[in-house]
Amino acid sequence: MQSLRIPPVTSLRSHYGALFCVTLLMLAGCSTPPRLSQSYPLPEAQQRADIVLVAQQMIGAPYRAGGATPRGFDCSGLVLYTYRQVGIQNLPRTTAGLFRQAQPVPLDDLLPGDLLFFEINGRGVSHVGIYQGGNEFIHAPVSGKQVSVGTLDNGYWSKRLVRAGRLL
């Protein structure tokens with residue numbers, strides 16, 4: 001008959017410790033991180049990129065007073081439509097309302113998706129565009145025109161710029 005060999009107690013303790021560690025690692029490997037549902041907001045950088053992309057896709061759409069769809073936009077309607085497409089709701093409909101809600105941003109700190117506010121007619125803020133980077137913005141300029149890209153390098157726009165603002 002063969003004799004049964006029992007390992008010393010100290011040897012068993014080290015085995016149990018190793019077994020415990022392996023078990024913990026296996027359990028951690030079986031768990032999965034929670035999935036983000038689409039109801040969570042997008043990370044800010046992605047949301048900004050999406051804002052610019054949506055606005056760029058509207059270039060060429062006609063200007064329409066009071067318009068807020070691709071069939072026609074006014075300047076604040078373009079902002080409202082663009083932001084809604086990336087899940088930002090409940091924005092003011094007018095340029096003045098957007099101006100009041102947006103947090104002021106120094107021009108040196110502009111990010112894509114920020115708003116640029118202009119005084120066109122000498123009676124306060126009356127025009128808004130979406131900054132896309134590189135001193136350029138997308139806007140619905142005026143009746144008879146189309147959604148287009150403007151630049152702050154243009155003297156017309158730079159002289160009329162009141163402030164930049166951020167809604168995100």
Side-chain angles (χ1 to χ4, degrees), residues 28-29 31-168:
S31 68
T32 58
R35 291 184 183 202
L36 295 178
S37 74
Q38 292 198 6
S39 64
Y40 287 92
L42 293 170
E44 183 182 322
Q46 182 62 53
Q47 203 167 34
R48 290 181 168 286
D50 290 348
I51 288 167
V52 171
L53 181 63
V54 170
Q56 288 171 337
Q57 291 170 344
M58 297 303 107
I59 293 173
Y63 179 91
R64 180 175 292 154
T69 71
R71 291 184 308 236
F73 294 103
D74 64 13
C75 63
S76 59
L78 176 64
V79 171
L80 190 69
Y81 174 83
T82 301
Y83 274 68
R84 279 183 179 164
Q85 297 308 302
V86 300
I88 300 171
Q89 307 294 323
N90 302 320
L91 292 179
R93 174 60 181 93
T94 65
T95 299
L98 290 166
F99 182 78
R100 283 189 298 273
Q101 186 167 328
Q103 297 298 311
V105 176
L107 293 180
D108 292 342
D109 294 336
L110 273 173
L111 294 172
D114 285 342
L115 301 179
L116 298 172
F117 295 96
F118 301 90
E119 182 178 335
I120 303 299
N121 56 18
R123 291 181 280 170
V125 173
S126 59
H127 189 66
V128 62
I130 300 169
Y131 186 70
Q132 72 172 1
N135 269 355
E136 295 181 336
F137 60 97
I138 301 165
H139 66 129
V142 68
S143 185
K145 302 271 183 164
Q146 299 174 334
V147 173
S148 59
V149 176
T151 178
L152 293 174
D153 297 331
N154 177 313
Y156 178 86
W157 294 113
S158 62
K159 289 178 192 173
R160 289 165 176 77
L161 179 65
V162 174
R163 154 183 123 198
R166 184 166 294 156
L167 295 173
L168 301 179

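Rounded to the nearest 0.5 angstrom, K159 NZ and L161 CG are separated by 13.5 Å. Residue E136 holds its CD atom at 11.0 Å from OG of S148, rounded to the nearest 0.5 Å. For the atom pair CD1 (I51) and OG1 (T82), the distance works out to 8.0 Å, reported to the nearest 0.5 Å. Taken from CZ in R64 to OG1 in T69, the straight-line distance is 6.5 Å, to the nearest 0.5 Å. Rounding to the nearest 0.5 Å gives a distance of 9.0 Å between CG of N90 and CD of Q101. The distance from the CD1 atom of I130 to the CG atom of L78 is 4.5 Å, given to the nearest 0.5 Å.
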Using salt bridge (Lys or Arg N to Asp or Glu O under 4.0 Å), reason through R163 and D114 one step at a time and then give a plain yes or no.
CA-CA 11 Å; R163 154 183 123 198; D114 285 342; over 6 Å; no
Might you work through the ring pair (Phe, Tyr, Trp, His ring centres under 6.0 Å) test for Y131 and F137, ending with a clear yes or no?
CA-CA 4 Å; Y131 186 70; F137 60 97; 8.3 Å; no
Determine, stepwise, if the pair F99 / V162 fulfils side-chain contact (heavy atoms from CB on, under 4.5 Å).
CA-CA 10 Å; F99 182 78; V162 174; 4.1 Å; yes
Checking side-chain contact (heavy atoms from CB on, under 4.5 Å) for the pair Q146/M58: CA distance, chi angles, key distance, verdict?
CA-CA 9 Å; Q146 299 174 334; M58 297 303 107; over 6 Å; no
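Scanning both residues, V128 and F117, for their nearest heavy atoms gives CG2-CE2, 3.6 Å. When every heavy atom of L116 is checked against every heavy atom of A164, the shortest pair comes out as CD2-CB, 3.8 Å. V52 and Q132 get closest at one heavy-atom pair: CG1-CB, 3.7 Å. Pairing each heavy atom of Y83 with each of L168, the nearest pair is CE2-CD2, 4.3 Å. Heavy atoms only, all atoms of each residue included: P62 and P70 are closest at CD-O, 4.0 Å.
A donor-acceptor distance shorter than 3.5 angstrom exists from the side chain of S158 to the backbone of G155, with no hydrogens or angles considered. With hydrogens and angles ignored, the 3.5 Å screen pairs a side-chain donor or acceptor of R93 with a backbone N or O of G66. A donor-acceptor contact shorter than 3.5 Å links the side chain of S126 to the backbone of I120.
Less than 6.0 angstrom separates the ring centroid of F73 from the ring centroid of Y81.
Residues Q47 and I88 are in side-chain contact: their nearest non-hydrogen atoms beyond the backbone lie under 4.5 Å apart. A 4.5 Å side-chain heavy-atom check between Q85 and Q57 finds every atom pair outside the cut-off.
In the displayed structure, Q89 atom CD is contacted under 6.0 Å by more than 12 heavy atoms of other residues, nucleotides or ligands.
Between F118 and H127, the ring planes lie tilted relative to each other; the angle falls in the 30° to 60° range.
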